[in-house]
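Worth knowing before you read on, the calculation uses all heavy atoms, side chains too, and leaves out hydrogens, waters and symmetry mates. Letters go in sequence order (proteins before strands), and every chain restarts at 1.
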Number of protein chains: 2
Amino acid sequence: MPPLDPEMFDPACPSSVMPIRIGEKWSAMVLICLEHGPRRFTEIRTPLRGITPKVLTGTLRALERDGLVTRTAYLEIPPRVEYELTPLGRTLLEPIAACRAWAQNHLPQLLEAREAYDHRVSG
Amino acid sequence: MPPLDPEMFDPACPSSVMPIRIGEKWSAMVLICLEHGPRRFTEIRTPLRGITPKVLTGTLRALERDGLVTRTAYLEIPPRVEYELTPLGRTLLEPIAACRAWAQNHLPQLLEAREAYDHRVSG
DNA sequence: GGTACTTGTTACTTCAACGATACTGAGTTA
DNA sequence: TAACTCAGTATCGTTGAAGTAACAAGTACC
């Protein structure tokens, strides 16, 4: 087995700027909500039970900044704002799906291991 | 377009217990280091330039807890400890690869969008 | 005797994400 | 005149991950 290449990870590590994290609280879920077309703020908020407007705003702003979603505000009363996936954002659905599939198939095993470990270390 | 299913995400959200995060600082990189066989603490540390021993220890413990790596300590002087992927940990390499591929192909576009956004909002 | 090697530990600090709660503005409805 | 709608802001507090720095233990090497 050859030694590890000391340069195998870029010092300005690409992964550190990745927009979403598997297991991150909200970003991936927001993108999934937009899968089938534009959605409104309140509409996204519903399935993400428990997300506060402040956090959802922050999440959406981050996704917008990274060119993954667009924000369109209509000058109406009451206000209407629509969020939509960009083509770039849509490409992210694929790796997200791979991760969701992994979770689907292996999460029970992971949780079992975790429980067994916790049981070993502290009764 | 049908409305979003309010139940589409489990309240005990599976993704919130996912062991790695795309873009997380270290977990995915550690798993990748173990791809080709068992590695020692210092060996892993080298390509992860900048990781402190405390953080690497914590990362490895978390992966061990989740049943993704095993830790084998040999009673030698100086001490020798080997970390190795479990079969479960090995299955995670696939979604990680999908995410790395995404980053490889689309990161420049994302960074470009980010720069343009930052330029717009604060000159 | 002093230093290095290996795999960590401990104490302290910093920072960003997350969260709870309350509030805003403009018009429309009851 | 009060309540309601939507898309957020404002303020404050909590939490966890990460970072810094120093230290440890046993043996081998100089």
Side-chain angles (χ1 to χ4, degrees), chain A residues 3-4 9 11 13 15-30 33-34 38-66 69-84 114 118 121, chain B residues 3-4 9 11-13 15-30 33-34 38-46 48-66 69-84 121:
Chain A
L4 293 175
F9 299 112
C13 178
S15 70
S16 67
V17 295
M18 279 288 286
I20 63 147
R21 303 169 167 212
I22 319 174
E24 186 195 49
K25 209 64 190 290
W26 304 115
S27 298
M29 282 188 277
V30 167
C33 286
L34 301 178
R39 300 284 183 184
R40 305 178 61 174
F41 190 87
T42 312
E43 202 175 0
I44 298 169
R45 217 187 148 183
T46 306
L48 273 44
R49 283 158 297 188
I51 196 173
T52 59
K54 175 199 159 190
V55 173
L56 181 53
T57 300
T59 303
L60 286 165
R61 290 277 187 285
L63 295 173
E64 191 193 355
R65 176 179 183 235
D66 285 346
V69 310
T70 55
R71 178 183 185 277
T72 311
Y74 298 92
L75 298 175
E76 303 173 357
I77 298 292
R80 181 164 63 98
V81 178
E82 283 189 344
Y83 294 93
E84 190 170 10
R114 188 178 285 189
D118 290 347
V121 301
Chain B
L4 293 175
F9 298 113
C13 179
S15 70
S16 66
V17 295
M18 279 288 287
I20 64 146
R21 303 169 169 213
I22 319 173
E24 186 196 47
K25 209 65 193 288
W26 305 112
S27 297
M29 281 188 278
V30 167
C33 286
L34 301 178
R39 300 283 182 183
R40 304 179 60 177
F41 190 87
T42 312
E43 203 175 359
I44 298 169
R45 216 188 148 182
T46 307
L48 273 45
R49 283 157 296 188
I51 196 173
T52 61
K54 176 201 157 190
V55 173
L56 181 53
T57 300
T59 303
L60 287 166
R61 289 279 187 285
L63 295 174
E64 190 194 356
R65 176 179 182 236
D66 285 346
V69 311
T70 54
R71 177 182 186 277
T72 310
Y74 298 91
L75 297 175
E76 303 173 0
I77 298 293
R80 180 163 64 96
V81 179
E82 283 189 344
Y83 295 92
E84 191 170 10
V121 301

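Contact between the side-chain N/O atoms of A:Arg61 and the OP1/OP2 oxygens of D:dT9 is found at a separation under 4.0 Å. Residue B:Arg40 has a polar side-chain atom (N or O) positioned under 4.0 Å from OP1 or OP2 of C:dT7.
Distance CG (A:Leu56) to C1' (C:dA17): 15 Å, rounded to an integer number of Å. The CZ-P distance, from B:Arg39 to C:dT6, rounds to 16 Å in whole Å. A straight line from CD of B:Glu64 to P of C:dT7 spans 15 Å, rounded to a whole angstrom. When the C1' atom of D:dA18 is taken as reference, atom CE of B:Met29 falls 13 Å away, rounded to whole Å. Following rounding to the nearest Å, A:Leu75 (CG) and C:dA26 (P) show an atom-to-atom distance of 13 Å. Summarising the geometry, the separation between CG on B:Leu63 and P on D:dA17 is reported as 13 Å, rounded to the nearest angstrom. The distance from atom OH of B:Tyr83 to atom P of C:dT6 is 15 Å, rounded to the nearest whole Å. When rounded to the nearest whole Å, the span between CZ of A:Arg80 and P of C:dT28 equals 16 Å.
Checked against salt bridge (Lys or Arg N to Asp or Glu O under 4.0 Å), B:Glu82 has the following partners two or more places apart in sequence or in another chain: B:Arg80. Partners of B:Glu84 according to the side chain to side chain donor-acceptor pair (under 3.5 Å) rule, which considers only residues two or more places apart in sequence or in another chain, do not exist here. Scored by the side-chain contact (heavy atoms from CB on, under 4.5 Å) test, A:Thr52 finds A:Lys54, A:Val55 as partners (sequence neighbours excluded). For B:Arg45, there are no side chain to side chain donor-acceptor pair (under 3.5 Å) partners at least two apart in sequence or on another chain. By the side chain to side chain donor-acceptor pair (under 3.5 Å) test, B:Arg71 pairs with B:Tyr83, sequence neighbours left out.
No contact: B:Arg45 has no heavy atom under 4.0 Å from any strand. At a threshold of 4.0 angstrom between heavy atoms, the contacts of A:Tyr74 with the nucleic acid are absent.
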Q.
Using side chain to side chain contact (heavy atoms under 4.5 Å, CB included), reason through B:Leu56 and B:Val30 one step at a time and then give a plain yes or no.
A. CA-CA 9 Å; B:Leu56 181 53; B:Val30 167; 4.0 Å; yes
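With rounding to the nearest 0.5 Å, the separation of OG1 in A:Thr57 from CD in A:Glu64 is 11.0 Å.
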Q) In B/S/- notation, 5' to 3', how is nucleotides 19-30 of chain D contacted by protein heavy atoms closer than 4.0 Å? A) BB------S---
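Taking the side chain of A:Thr42 as heavy atoms from C-beta on, and the options D:dT9, C:dT7, D:dA7, the nearest nucleotide is D:dA7.
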